[in-house]
Amino acid sequence: RPSSSSGPRPCRRLRSNSGSGEIFDSNGDMQDRYGYKIPETLLPQYTDWLEATKDENKRRSESEANAPILYSLSQPYFDFHAEQLFRDGVPPSLRRSLYLQVTGVGNTIARNRGRYDSILAARGDDLEESNSAREQISRDIKRTFTGNARLSNDNALAKLSNILKVYARYNRQVGYSQSMSFIVLGLLLLEFSEEEAFWMLEYMLSLMPDCYDKELSGMKADVEMIEYYVRAKLPRLHAYFLRNFVDANFYAFPMLMCFYVGYLPYETLFRLWDRIMYKGAIELFRSCLKFLFHMQEKLIALGTRDIDEIMPAIIEAHLNLFDAD
């Protein structure tokens, strides 16, 4: 680690009993619990956040504290405790099981037991995804896991390929869109099985109707809605975007398409997903505005009109949002 005053201050060593789930690669670089290297400039902020949230995450992971919540999720109407859990953040160890329960995907899998395997094993032109979808999937899967220490292997690539091919066959009207590979990446990071990840993908895409077909009409309407609320709620930022010709399609379109995978630190990303699973796609749009609110002063202070500088600054500002609270 650099120790000079000109570089980032050294990362303090986590206590051995911190329960943070960190690992260090062969070079001694710290990775988050999902297998991604933490940029050195963000190490102090990241480790401070881990220490600050350690006890709370442990408390919310205890089975006794979650017993009423688990019972609530099996009832027709969820109670306040369940809403509070998804609002404050689901403990990582519970995300897979609670996502399946709160979204109803667990029941969907039970009703369609074996369907995923049958579609995957099917042959013939009537079930095959189009040649263009096959070729695009083959290209995309090779770059989806870039930089991940856990999923950069043939087994993970095969899982990703299978899920995307099955979806292209399952929903031939939509087929395959590049952003789908990143959504599945997020699901695999949460340790969903192939079958579970497929049905979770189907559920998440259903929250955004007409957003993944060839016309992308739903996504265009959603981006227009984001722009409307930026103008109404963040007028100074909207004026800055207008002066510098920053269209909402530049910053909102790609992030909404992939549910923010790759645009947020993964701890923050899955806190956003917690809310989406409980409340629906409205949380995706609310969070988009919240992120822009937190970064607007930094963007306005850039002092540049070059879109090639503004867009990287917007992306970097998102990647610095480690503290989801």
Side-chain angles (χ1 to χ4, degrees), residues 6-8 36 38-42 44-46 49 143 146-147 177-183 186 207-273 275-276 279-325:
S6 61
Y36 285 95
I38 304 299
E40 188 144 357
T41 55
L42 298 177
Q45 178 184 352
Y46 182 71
W49 171 79
R143 56 194 180 209
T146 301
S177 173
Q178 281 183 293
S179 55
M180 294 179 188
S181 64
F182 293 101
I183 298 173
L207 297 176
M208 307 283 282
D210 301 321
C211 288
Y212 296 89
D213 56 18
K214 293 180 180 179
E215 288 76 25
L216 302 175
S217 56
M219 188 58 65
K220 293 174 183 176
D222 290 341
V223 170
E224 289 179 3
M225 182 177 68
I226 290 292
E227 188 167 31
Y228 169 82
Y229 278 105
V230 170
R231 181 170 65 249
K233 301 293 186 181
L234 304 172
R236 291 180 60 240
L237 183 62
H238 178 68
Y240 172 79
F241 283 159
L242 282 181
R243 289 196 305 270
N244 296 287
F245 307 101
V246 180
D247 190 274
N249 284 293
F250 292 152
Y251 60 85
F253 196 101
M255 298 182 188
L256 295 179
M257 281 288 287
C258 62
F259 282 76
Y260 276 89
V261 176
Y263 290 96
L264 291 173
Y266 282 90
E267 299 286 356
T268 305
L269 171 73
F270 293 131
R271 284 287 299 276
L272 168 59
W273 280 24
R275 291 182 170 228
I276 293 172
K279 289 287 190 179
I282 185 65
E283 291 294 338
L284 190 62
F285 305 114
R286 285 175 177 167
S287 295
C288 180
L289 293 174
K290 290 176 183 177
F291 299 149
L292 290 173
F293 170 79
H294 280 288
M295 64 184 67
Q296 66 174 336
E297 296 303 329
K298 181 177 181 180
L299 293 176
I300 293 172
L302 279 177
T304 179
R305 301 193 64 176
D306 188 344
I307 189 66
D308 291 332
E309 294 181 27
I310 295 173
M311 280 310 302
I314 292 176
I315 294 174
E316 181 183 1
H318 279 86
L319 292 173
N320 287 343
L321 295 172
F322 269 111
D323 188 351
D325 289 327

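Keep in mind that this is a model prediction, so the values were computed, not measured.
We find the CD-CG distance between Glu283 and Leu207 to be 11.5 Å, quoted to the nearest 0.5 Å. Atom-to-atom distance recorded for Asn244:CG and Glu309:CD is 10.5 Å, nearest 0.5 angstrom. The distance from atom CZ of Phe182 to atom OG of Ser177, rounded to the nearest 0.5 Å, is 10.5 Å. Distance check, rounded to the nearest 0.5 Å: NZ of Lys298 to CD1 of Ile314 gives 11.5 Å. From Gln178, atom CD reaches atom CD1 of Ile183 across 12.5 Å, with rounding to the nearest 0.5 Å.
The shortest distance between side-chain heavy atoms of Ile310 and Tyr240 falls below 4.5 Å. Between Phe291 and Met255 the shortest side-chain heavy-atom distance does not fall below 4.5 Å. Residues Tyr260 and Leu284 form a side-chain contact, since some pair of their non-hydrogen atoms from C-beta on lies under 4.5 Å apart. At a threshold of 4.5 Å between non-hydrogen side-chain atoms, the residues Phe245 and Ile307 do not count as touching. Looking at heavy atoms from C-beta onward, Ile300 lies in side-chain contact with Arg236 at the 4.5 angstrom threshold. Side-chain contact between Tyr263 and Leu256 is absent, with no heavy atoms from C-beta onward closer than 4.5 Å. In this structure, Tyr251 and Leu299 have side chains that are not in contact, with every pair of non-hydrogen atoms separated by 4.5 Å or more.
Under a 3.5 Å cut-off, the side chain of Ser287 and the backbone N or O of Leu272 do not form any donor-acceptor pair. Side chain of Asp306 to main chain of Asp308: a donor-acceptor pair is present (N/O by atom type, distance under 3.5 Å, no hydrogens or angles). Under the 3.5 Å distance criterion, the side-chain polar atoms of Trp273 are left unmatched by any main-chain donor or acceptor of Gly186.
Across every non-hydrogen atom of Leu321 and Leu264, the tightest pair is CD1-CD2, 4.1 Å. Among all heavy-atom pairs drawn from Ala281 and Met208, the shortest one is CB-SD, 3.9 Å. Considering all non-hydrogen atoms of both residues, Leu237 and Gln296 come closest at CB-OE1, 3.7 Å.
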Cut-off 3.5 Å, no hydrogens considered: what does the side-chain donor-acceptor table look like for residues 211-229, sequence neighbours left out?
| residue | atom | partner | partner atom | Å |
| --- | --- | --- | --- | --- |
| Tyr212 | OH | Met257 | O | 2.6 |
| Asp213 | OD1 | Glu215 | N | 3.4 |
| Asp213 | OD1 | Leu216 | N | 2.8 |
| Lys220 | NZ | Glu215 | O | 3.2 |

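Crowding of Lys290 atom NZ: a count of heavy atoms from other residues, nucleotides or ligands under 6.0 Å exceeding 12.
Between Phe270 and Tyr266, the angle of the ring planes lies from 30° to 60°, which puts this pair in the tilted group.
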